Amino acid sequence: MTSTEPVLQVEGLVKHFPIRSGIVFKRTVGQVKAVDGVDITLNRGETLGVVGESGCGKSTLAKLLVGLEKPTSGAIRVRGEDVTRLGRSGMRRLRRNVQMVFQDPYTSLNPRMTVGDIIGEPYRIHPDAVPKSGRRAAVRELIDMVGLNPDHISRYPHQFSGGQRQRIGIARALALKPEILICDEPVSALDVSIQGQVINLLEELQDELGLSYLFIAHDLSVVRHIADRVAVMYLGKVAESGEENQIYEHPMHPYTQALLSAVPVPDPTLRGQRDEIVLEGDVPSPANPPSGCRFRTRCFKARAEWAKTATDEQRKNTPLAEQAPDVCKQQIPVLEIREGGAHPSACHYAQERDVVHAH
Amino acid sequence: MSSDINERVVEGIDEERERPQRAAGLWRDAIRDLRKRPTVIISLLIILVVLAIGFFPSLFTDVDPKACDISRNKAPAEPGHPFGFSHEGCDYFAQTVYGAGPSVQLSLMVVTGTLIVGGLFGILAGFYGGWVDVLFSRAVDVFNSIPFLLGAILLLTMFRDIQMPFVGARLQAIIPAVITLIIFGWTSTMRLVRASVIEARNLDYVHAARSLGASNARLMFRHILPNAVAPVVSLIPLSIAGMISVEATLSFLGLGVRKPEITWGLMIDDATKWFVNGYPMLLIIPSAFLIATVLAFVLLGDAIRDALDPKLR
Amino acid sequence: MTVELDRQGSHNGYVEGLPGYRDDAPLLEVEDLQVEFHTRDGVARAVNGVDFSLRAGETLAVVGESGSGKSVTAQAIMGILEEPPARVAGGEIRFRGVDLLKLSAERRRRIRANHVAMVFQDALSALNPVWTVGFQLGELFRKHRGMSRKDARRRAVELLDMVRIPAAAQRVDEYPHQFSGGMRQRVMIAMALALDPEVLIADEPTTALDVTVQAQIMRLLSDIQAERHMGLILITHDLGVVADVADDITVMYAGRAVEQANVRDTFASPAHPYTKALLRSIPRLDVKGQRLEVIAGLPPVLTDIPPGCAFAPRCGYAQDVCRTERPPLSTVTAGRSAACHFASEVMTDDVN
Ligand SMILES: Nc1ncnc2c1ncn2[C@@H]1O[C@H](COP(=O)(O)OP(=O)(O)OP(=O)(O)O)[C@@H](O)[C@H]1O
Ligand SMILES: Nc1ncnc2c1ncn2[C@@H]1O[C@H](COP(=O)(O)OP(=O)(O)OP(=O)(O)O)[C@@H](O)[C@H]1O
Ligand code: SF4
Ligand code: SF4
Ligand SMILES: [Mg+2]
Ligand SMILES: [Mg+2]
């Protein structure tokens, strides 16, 4: 069902959180650059996987897309209309079309509301969506759709297992018949077999309703399974994006390669034999990202390129984080198709390296 | 979309026996639950009786509590005078009945007032944060830095000369105390509510409702408040008890309700000097009423808190 | 990676003065542990006879379906179950020979402060939203090490640094909700390591972390483990991590340990049908599969565990005997045990 008809386009999206200090009168002393210039496109009926380091801005991106945070700058177009310029009523309209599934099935459902109230809440907030008389039936239908028993409408969340709760969260997100579902790590808190159930359900719903998903996860195997295209984020920027196959089989960006190589393989006989790329150095602060390429303080590729020309003296005296060629330190690499690759990556020295099959 | 897993999951649940369908909702379920508990029924009965005594004392005794005969001071019980006589020779049963009024009315009014004021400020401060929070929190600090008694004395002497229109004499006697106690009492409720609201404000389910487009009022009253209710509800009975004793202190200082009005606080205060001198009943009787009242509120508060938590149901 | 931990005042040998202490006893032994919850629907037997032992320097992985009692077991070891509704109905938990279940609340608190620490599963609710991260970390040092406010804050920054929180000195004064999910989880790890424990129970410590940070954290834990000879109980559903770091594995189902063995053996030839199904449902990185395999059906309701094998309704190997007789956890081959009537057949059957 995948088409190239874009339903969601994000251009130059930026979100900076002020860092404040002081108790009564707060001064802004800096900015956490949580999302710093992100461009992505989501097509109708497609799943875009978003992966990346913890703290790189994935959840912030998701919150911006559903309107939980206001962007500092940039545009979010839903079906061509820039929602960042919308007023209150326009926002309400947007919210019906873009919904979110939260990470934690234990905290994302109000413990004091019944399942029926939780799934029916969207209708109370948007009374025009379904007439009052039809709401109960609509709720039951949703419960049925996500594979729960409609007779459980009067139960409370704690009476369900994690996977069942996640289904409740999905049913709530589907109530207003959105076209776009933002899933922020929807299966991270679930065990493997329940993870499978939820992912299978999401795939079925997509086939049936033509939904588009933005699927955030840090489990790269899960993302590979569900995504058509993948965007890899690092420190608030997209490092590489492409078709699922391109990213997993032909990764171009050193960070993607490190990420893929670090995925633990469920096979103890391979312990210690995997060709894991170990990232050295500290994760830089998003309040004060490195100049040029943001990955340069930890980049093995940059270090190798630098070492080619460095003198012995330099090798001894340059701190690890500074061992990078000048181009990496000075020029921000743009996300574009690079030589030797078929998909965009943001690296001056982009080069394919197979890491998934290397072991 | 009939996936076999889904079907199997549904079957798995079906195996548990299903109760018949019924309407559900937090408050409806809570009330249903409360009705089933014997402690709730008992404590409600006690509270109703105390309220009835407090507001309509003449239904319970024909004896005038102020008709005292000093010659019968501290005389033991006799027919028609089941509790004996006070140290001023007044009928102790009638005094106990009439003494309930000011104590009960005052504490109820104060607690309701502090809940409304403190609760509202707490929600606003916790929910909006920023300068709203700073404003209310500093106000709390200011009020807390004034010594209670000093402030109370100041305020109450100020009130002394003000005549309130449309208010009966009995209420006239307690309203200044009520206002004073609310002014000094809302801060603790406000802090408690604010803390719970801050805790709940960033929970995922609040974000979830917000992302659906819920209004601020809906977020506050539907999602955040029910989760802030528990600590507050459990505070109510204790503050009622506290207010009754504060009322006694104020009366003792000549600031609250004054003799010849009768309150449990005044009675207990008077009786303490006779306790070790051979007349323990004078203290025990009003204290027993006080304790029973407070206990009833404690039990009810506990039950309400539990009933509002579906996990405990 | 340099690991610098607070040595001073730790290992004051608190446990050594307690009844049952033996120098040569295993670090931690759990024997036939049973925990039940008294709910309005009846008694839920959340932990139903769990045994394992942990040696110093060893990593024991505990895996199992959601609700199988992993966290409850951990909480029972820590002595932080809410009683009631919970009740430890039987069994022993011996730390260096000392049965923790027989100790007073105060003694258990001191064991927690000095010897056994835990990383909680739910990082968001384990941190208090109204205090800064630094204050909560520093409190540990103030309370248990009597440090001054300033020193405690300095130690807090060091710990945040150790778990790779960028710009730790700047972020130490922020509140938990200003941290991302993964950062909160790392704060929890820092808190658990703060007082230099001998046993660390890590309940899903890396669920919110991306693989590179996960790898760093796991490396950090194993460095500390090697240096300090710390025993690690790793509760996780990430079988990749288990394969990577664990020595032994305990698989739990419906409150029981159903399989125990060396990690290599278990992955090579699982001896219990549940373990087998679990291993089959792992999504793979190197292939784009079709539907993911799932284990059909639901685990039993804990208030009403059927007689016989609890896995029988979902088990492909089940026979009549499974529905009437409860299989004991017994040795299959040297060093491995499983609670299945047909363990040896399951084991020799081809996995993939
Ligand atoms: N309300 C906030 N105030 C200040 N900083 C924030 C706020 N929310 C997020 N941040 C910061 O923004 C950055 C990105 O956070 P975000 O939650 O988007 O990360 P993430 O990619 O979802 O990480 P994870 O995988 O750990 O969930 C982090 O450094 C975080 O601390
Ligand atoms: N306070 C409680 N009251 C009643 N039952 C409880 C309580 N706490 C836990 N349980 C039950 O005990 C069982 C075991 O729970 P536990 O948290 O140990 O599961 P787990 O194996 O850690 O699962 P997960 O992988 O989801 O974390 C569950 O069925 C749960 O419902
Ligand atoms: S641009 Fe330079 S530093 Fe950045 S990823 Fe490429 S090689 Fe590494
Ligand atoms: S005992 Fe029977 S039902 Fe249980 S796991 Fe073994 S084969 Fe399956
Ligand atoms: Mg996140
Ligand atoms: Mg758990």
Side-chain angles (χ1 to χ4, degrees), chain A residues 17 19 21 30 32 51-56 58-60 103-104 106-107 161-163 185 188-197 199-200 203 218-222 224-225 244-245 248 258-260 262-271 276 278-279 282-288 356-357, chain C residues 63-67 122 124-125 161 164-167 170-171 173-174 178-183 185-186 204 207-216 237-246 263-264 266-268 277-279 281-289 291-295 298-299:
Chain A
F17 291 105
I19 308 173
S21 80
V32 175
V51 299
E53 193 133 55
S54 162
C56 72
K58 304 181 298 290
S59 299
T60 307
Q103 168 172 2
D104 189 341
Y106 293 87
T107 59
S161 74
E185 312 207 16
S188 302
L190 305 176
D191 72 81
V192 241
S193 78
I194 298 174
Q195 230 173 47
Q197 293 177 4
I199 287 177
N200 289 345
E203 292 193 321
H218 54 250
D219 185 331
L220 291 141
S221 322
V222 168
R224 170 146 218 199
H225 190 89
E244 160 268 317
N245 214 40
Y248 283 81
L259 205 57
L260 286 172
V263 175
V265 176
D267 184 353
T269 56
L270 293 176
R271 190 185 292 181
E276 188 181 333
V278 178
L279 291 181
D282 294 329
V283 184
S285 157
N288 187 18
V356 174
H357 303 279
Chain C
V63 301
E65 185 138 348
S66 178
D122 190 348
L124 178 52
S125 50
D161 235 13
R164 308 267 162 203
I165 302 274
Q170 228 174 319
R171 306 208 68 167
D173 293 324
E174 293 190 355
Q178 292 171 304
F179 278 51
S180 79
M183 286 151 77
Q185 214 163 31
R186 280 177 276 168
E204 315 267 11
T207 37
L209 301 180
D210 70 286
V211 281
T212 60
V213 176
Q214 170 175 295
Q216 280 178 334
H237 55 244
D238 189 334
L239 292 158
V241 173
V242 173
D244 240 11
V245 304
V263 167
R264 273 170 184 260
T266 309
F267 276 71
L278 193 65
L279 291 173
S281 56
I282 309 173
R284 296 189 50 130
L285 182 67
D286 47 1
V287 281
K288 179 156 175 83
R291 287 180 71 82
L292 287 172
E293 293 241 17
V294 298
I295 306 174
L298 285 178

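Here the structure is a predicted model, which is why all the values come from computation and not from measurement. These numbers come from the heavy atoms of this one structure, side chains and all, not from hydrogens, waters or symmetry mates. Numbered from 1 within each chain, the chains take letters A, B, ... in sequence-line order.
- For A:Leu220, the parts lying near chain C are the backbone and the side chain together; criterion is any non-hydrogen pair under 4.5 Å.
- Here the closest heavy-atom approach between residue C:Asp244 and residue A:Pro264 is recorded as OD2-CB, 3.9 Å.
- With a 4.5 Å cut-off on non-hydrogen atoms, A:Ser59 does not touch chain C at all.
- Interface summary for chain A: among C:Val211, C:Leu278, C:Ile282, the most heavy-atom pairs under 4.5 angstrom belong to C:Val211.
- Heavy atoms closer than 4.5 Å to chain A are found nowhere in C:Val63, neither backbone nor side chain.
- The shortest distance between side-chain heavy atoms of A:Pro266 and C:Val242 does not fall below 4.5 Å.
- Residue C:Val263 touches chain A through both its backbone and its side chain, counting heavy-atom pairs closer than 4.5 Å.
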